[in-house]
Amino acid sequence: MRRAVFCILLAVLCLFLPLSACEPAAPEQSQTLLIYMCGSDLESRRGYASNNIADMLEARLPHNVNVVIQTGGANSWRREEISASELGRYEVRHGKLIKTDTQPLASMGDAETLASFLLYAAENYPAEQTSLILWDHGGGSVDGVCRDELFGDNLTLAELSAALAKAQMRFSFIGFDACLMATYETAHTVQDYADYLIASEELEPATGWDYTVLLENLGFDGFYDDVLASFAARQGAKTYYTLSVTDLAQLSRVDEALDAIVNAVLEDNGRLREALADSVRFGARDPLPQATFFDIESFARCLGLECDFSGFVRTANGSARSGAGGLSFYFPSNVSADHSGYLDMYDGEEYTTFLRKYLGAVPVDTISFTERGFIDGGSGLFGFSLDPACLCYVQSVQYEVHLYGEGSAEGGAFSRLYCIGTDNDVLQSGSRFLARFTGKWVYLDGILLHCAVLAQDGGLTVFYSPITVNGEFSYLLFRYSQAEGAAIEGVLDGDGSTARIRPLAEGDEIAVLYDTEQGEGTQFFEEGSIVYDAQTKLTVQTLPAGEYQIVPIVTDIYGNVFHAYTAAISFDGNTVTNIEISAG
C-alpha cells in the first residue's frame with residue numbers, strides 16, 4: 001500500500017518537474033544500438049523475436065540513447081505492427097515500437113541488406129558510440145548467422161565482412177544473439193570494426209539475452225559485466241550455456257595460442273587424445289550433426305600448453321560448460337566428415353594449410369584390441385583391453401545398452417531388440433576398460449528414456465533423448481550428476497545443430513521415442529507419453545528384469561568407431577548374471 005501511494009506521489013511530482021528530472025540517468029556519450037533481427041522460424045514458429053522486442057520495450061531509455069531495429073527473414077510475425085512482406089525499420093522509444101522506414105523485401109542473409117541498414121542508421125541516428133547486434137540462428141565459422149526463412153539464405157562471415165567494409169562504421173561492440181558464434185573466425189572478421197565481441201560458444205537458449213538490462217545499461221561503466229550477469233540470471237537453474245565478451249584489441253594473444261596448438265599437433269599427434277577427450281566442445285553430436293568447434297583455451301591446456309584468456313575475455317558459463325574460455329575454433333573431430341566448406345572458405349590461410357596436411361596424414365590403423373571381451377574376476381564386470389601403444393589414439397570410450405522386449409505390430413506381437421542409449425560410466429586401468437552397467441537408468445515420469453551422451457564436464461554429464469513435443473521430432477536435453485541427480489535443461493528441435501535450446505511449456509505433450517532396426521534403416525517407435533507440467537521430473541530407477549546386450553564403443557581421435565565384443569547378459573532387477581560374450 002505504501003509503495004502504491006509513493007508511486008502515485010512520484011507520478012504527480014513528475015508533472016511539475018522538468019522532463020529531464022524524471023528520465024533515467026543518461027550515459028556520458030550518446031548511444032545508438034542497431035539490432036539486425038532476422039526472425040526466421042524462431043519467430044514464425046515460437047515468437048522468440050517478438051518476446052525479445054517486448055523486453056526492449058520494458059527498458060527505460062534516456063534521451064541520448066537510440067535503439068533501432070530492422071526486421072525481416074520470417075514467414076510471419078507475432079507482433080501486429082511487423083509485416084513479413086517487407087523489411088521494417090523501427091525505433092524503440094517511450095515503451096513503443098515506432099516504424100520509421102520500410103524497404104522492399106530482401107534476404108537478411110545478404111551483405112547488401114545489412115550494409116543498407118547500417119548506412120541508414122549512420123545517416124539518421126549518429127551517435128558518439130554505436131553498437132550492433134545480429135539476432136537469429138547461428139552456425140559458427142562456416143554457416144555464419146541470420147538464416148533467412150523466406151530466402152533460405154545465411155549471412156556468411158565473408159558477407160558480414162563485406163557489409164561492414166561498405167558501411168565503414170566503428171562499433172563499440174558487435175554482438176551475436178545466436179548459437180555458436182564466439183569463434184576465432186568471427187572475432188577476426190569483426191576485429192577491424194569493433195572494440196568488443198559479445199557471443200556464445202555454445203548453442204544458445206531460445207529466450208536470448210536480457211534486453212531490458214542491456215538497453216538500460218548501454219554506455220555505462222560495467223555494461224559488459226551487467227550483460228553477462230543478466231544473461232546468467234535469466235538461465236536460472238540451467239547449466240548448459242555460455243556467453244563471452246572479448247576485447248578485440250588483444251586478439252593477437254588468441255593467434256599465438258592457436259599457433260601453439262598447431263605446432264603441438266604437428267610435433268606429436270598423440271597429444272591430441274587429451275584435447276579431444278577432455279576439452280570443451282560445442283554444438284551437438286551424432287545423430288545430431290557432428291561437433292567441430294572446440295574451446296581454444298581448454299584445448300591448449302589439454303595439450304599441455306599454458307593458455308589463459310581471462311585477462312581479455314569475460315565469460316558467463318553454466319556449470320556444464322564451466323571450462324570454456326570464451327572463444328572456440330574449428331577442428332575436425334571426425335576426419336571422414338565433409339570439411340570442404342571450411343577449407344574452401346578459408347583457403348590459403350595458415351591454419352587451413354595445416355588442416356589440409358592434418359587431414360591427409362591419418363593413419364590406416366589406430367585402435368588394436370588385445371582382448372575384445374572378458375569378465376573381470378574381481379568386479380564381475382564385462383570389459384576389453386587395448387594394445388597400450390594405441391591408447392594415445394583413444395578419443396572416447398562408451399558402451400551402448402540394448403534391451404530385448406516385446407513389440408506390437410499388425411498380426412500380433414514380435415520380439416525386438418532396441419537401444420536404450422549410451423553411457424560413459426567406464427572404468428579404466430591402464431589399457432583395460434570395464435563397462436560399469438549397474439541396471440540404473442533415467443526415466444521421465446516413469447517412462448524409460450533412450451539417451452546418449454552429449455557433453456561431460458567433471459562429474460556432470462549432459463544427455464540427449466529423442467522425443468516428440470506436440471508432434472514435432474525433438475531432443476530432450478538433461479543433465480546428470482551423482483550429487484544432484486537428473487534435471488531437464490530444455491529441448492532442441494530435431495532439424496539441426498543450430499537450433500536454440502528452448503524450454504518446455506506447461507501442457508506440452510511429450511512422447512518418448514526409441515529407435516530400432518526394423519527392415520531397412522532405423523525407425524522410431526513410441527515408448528510412452530506424458531503431458532508436461534510443474535510436477536514432471538526425471539528420476540534414476542532400476543531397469544526392468546530381462547535380457548540385455550552391452551556393446552563397447554571406442555572412438556579414435558579421427559572420429560573412427562571401433563567395437564569390442566558384445567556381452568549378452570541377464571538382469572534380475574538387482575544383479576547381472578549369465579554373461580555370454582560374442583563377436584558382433
Side-chain angles (χ1 to χ4, degrees), residues 142 257-281 283 285-287 289-296 298-305 328-344 346-347 349-374 383-400 422 424 426 428-435 453 456 551-566 583-584:
V142 178
L258 195 56
D259 287 344
I261 287 173
V262 167
N263 290 332
V265 174
L266 288 175
E267 288 174 6
D268 182 7
N269 270 5
R271 300 174 69 182
L272 271 176
R273 182 204 183 286
E274 288 79 11
L276 293 175
D278 299 331
S279 63
V280 185
R281 67 174 72 191
R285 301 188 191 178
D286 188 47
Q290 182 75 21
T292 52
F293 297 107
F294 289 82
D295 180 75
I296 298 173
S298 67
F299 200 94
R301 288 177 176 175
C302 287
L303 288 172
L305 305 171
S328 67
F329 77 120
Y330 184 99
F331 190 87
S333 60
N334 183 353
V335 297
S336 63
D338 183 7
H339 302 284
S340 60
Y342 184 92
L343 297 174
D344 293 344
Y346 302 103
D347 191 29
E349 298 186 7
E350 288 187 18
Y351 182 67
T352 306
T353 301
F354 153 74
L355 281 185
R356 292 188 187 278
K357 182 177 181 180
Y358 172 77
L359 293 171
V362 178
V364 175
D365 297 312
T366 55
I367 302 299
S368 175
F369 293 88
T370 54
E371 286 184 276
R372 285 186 175 268
F374 62 82
F384 63 91
S385 295
L386 297 178
D387 182 342
C390 73
L391 290 177
C392 63
Y393 291 112
V394 176
Q395 180 179 167
S396 67
V397 179
Q398 301 176 3
Y399 62 89
E400 202 168 64
T422 58
N424 59 356
V426 177
Q428 180 182 358
S429 177
S431 59
R432 287 164 52 91
F433 298 84
L434 301 177
V453 176
Q456 186 175 13
V551 184
I553 302 171
V554 180
T555 304
D556 72 9
I557 62 174
Y558 304 106
N560 301 309
V561 175
F562 303 82
H563 293 90
Y565 285 158
T566 296

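Nothing fancy with the numbering, it's 1 onward along the sequence.
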A.B. asks: To the nearest 0.5 Å, what is the distance between CZ (R273) and CG (D556)?
C.D. replies: 11.5 Å

A.B. asks: Residues in ring-ring contact (aromatic ring centres under 6.0 Å, His included) with F562, at least two apart?
C.D. replies: none

A.B. asks: With rounding to the nearest 0.5 Å, note down the distance linking CZ in F331 to CD1 in I296.
C.D. replies: 12.5 Å

A.B. asks: Do the side chain of S328 and the main chain of F293 share a donor and acceptor less than 3.5 angstrom apart?
C.D. replies: no

A.B. asks: Locate the shortest heavy-atom distance separating R271 from A264; write the atom from each residue and the value.
C.D. replies: NH1-CB, 3.7 Å

A.B. asks: F294 vs F299 aromatic rings, parallel, tilted or perpendicular, using cut-offs 30° and 60°?
C.D. replies: perpendicular

A.B. asks: Measure the spacing between OG1 of T352 and CD of E350 and express it to the nearest 0.5 Å.
C.D. replies: 10.0 Å

A.B. asks: Just do the side chain to side chain contact (heavy atoms under 4.5 Å, CB included) check on K357 and L266 with the steps written out, would you?
C.D. replies: CA-CA 9 Å; K357 182 177 181 180; L266 288 175; 4.3 Å; yes

A.B. asks: Taking side-chain hydrogen bond (donor to acceptor under 3.5 Å, both in side chains) as the definition, give me every residue that meets it alongside Y330, ordered by chain and number, with sequence neighbours left out.
C.D. replies: H339

A.B. asks: What pair of heavy atoms forms the shortest contact from S333 to Q395, and how long is it?
C.D. replies: O-NE2, 3.6 Å

A.B. asks: Set out, in order, the CA-CA distance, both residues' side-chain angles and the distance that settles side chain to side chain contact (heavy atoms under 4.5 Å, CB included) for F433 and V554, then state yes or no.
C.D. replies: CA-CA 10 Å; F433 298 84; V554 180; over 6 Å; no

A.B. asks: How long is the straight-line distance from CG of L305 back to CG of N263, given to the nearest 0.5 Å?
C.D. replies: 9.0 Å

A.B. asks: Measure the OG-CD distance between S385 and E371 for me, rounded to the nearest 0.5 Å.
C.D. replies: 4.5 Å

A.B. asks: List the steps, then state whether side chain to side chain contact (heavy atoms under 4.5 Å, CB included) holds for N560 with I367.
C.D. replies: CA-CA 9 Å; N560 301 309; I367 302 299; over 6 Å; no

A.B. asks: Would the distance check show the side chain of R356 and the main-chain N or O of L343 forming a donor-acceptor pair, the cut-off being under 3.5 Å?
C.D. replies: yes

A.B. asks: For Y346, which residues count as a ring-ring contact (aromatic ring centres under 6.0 Å, His included) partner, sequence neighbours excluded?
C.D. replies: Y342

A.B. asks: Check ring-ring contact (aromatic ring centres under 6.0 Å, His included) between H563 and all other residues, then give those that pass, not counting sequence neighbours.
C.D. replies: none

A.B. asks: Can you give me the closest heavy-atom contact between S279 and C302, atom names plus distance?
C.D. replies: N-SG, 3.8 Å

A.B. asks: Around atom CG of D344, are there more than 12 heavy atoms of other residues, nucleotides or ligands at under 6.0 Å?
C.D. replies: yes

A.B. asks: State, with a plain yes or no, whether a side-chain heavy atom of Q456 is found less than 4.5 Å away from one of N424.
C.D. replies: yes

A.B. asks: What's the shortest heavy-atom distance between G383 and L434, and which atoms?
C.D. replies: CA-CD2, 3.8 Å

A.B. asks: With sequence neighbours excluded, what pairs up with Y399 under the ring-ring contact (aromatic ring centres under 6.0 Å, His included) test?
C.D. replies: none

A.B. asks: Given I557, which partner from the list V362, T366, L272 fulfils the side chain to side chain contact (heavy atoms under 4.5 Å, CB included) test?
C.D. replies: L272

A.B. asks: Please check if the side chain of E274 supplies one atom and the backbone of L276 the other of a donor-acceptor pair under 3.5 Å.
C.D. replies: no

A.B. asks: List the steps and the verdict of ring-ring contact (aromatic ring centres under 6.0 Å, His included) for F369 and Y565.
C.D. replies: CA-CA 10 Å; F369 293 88; Y565 285 158; 8.2 Å; no

A.B. asks: Using the side chain to side chain contact (heavy atoms under 4.5 Å, CB included) rule, take T555 and S396 through it: C-alpha gap first, then chi angles, then the decisive distance, then the call.
C.D. replies: CA-CA 5 Å; T555 304; S396 67; 3.5 Å; yes

A.B. asks: List for me each residue that meets side chain to side chain contact (heavy atoms under 4.5 Å, CB included) alongside D387, sequence neighbours excluded, and say none if there are none.
C.D. replies: S368, T370, A389, C390

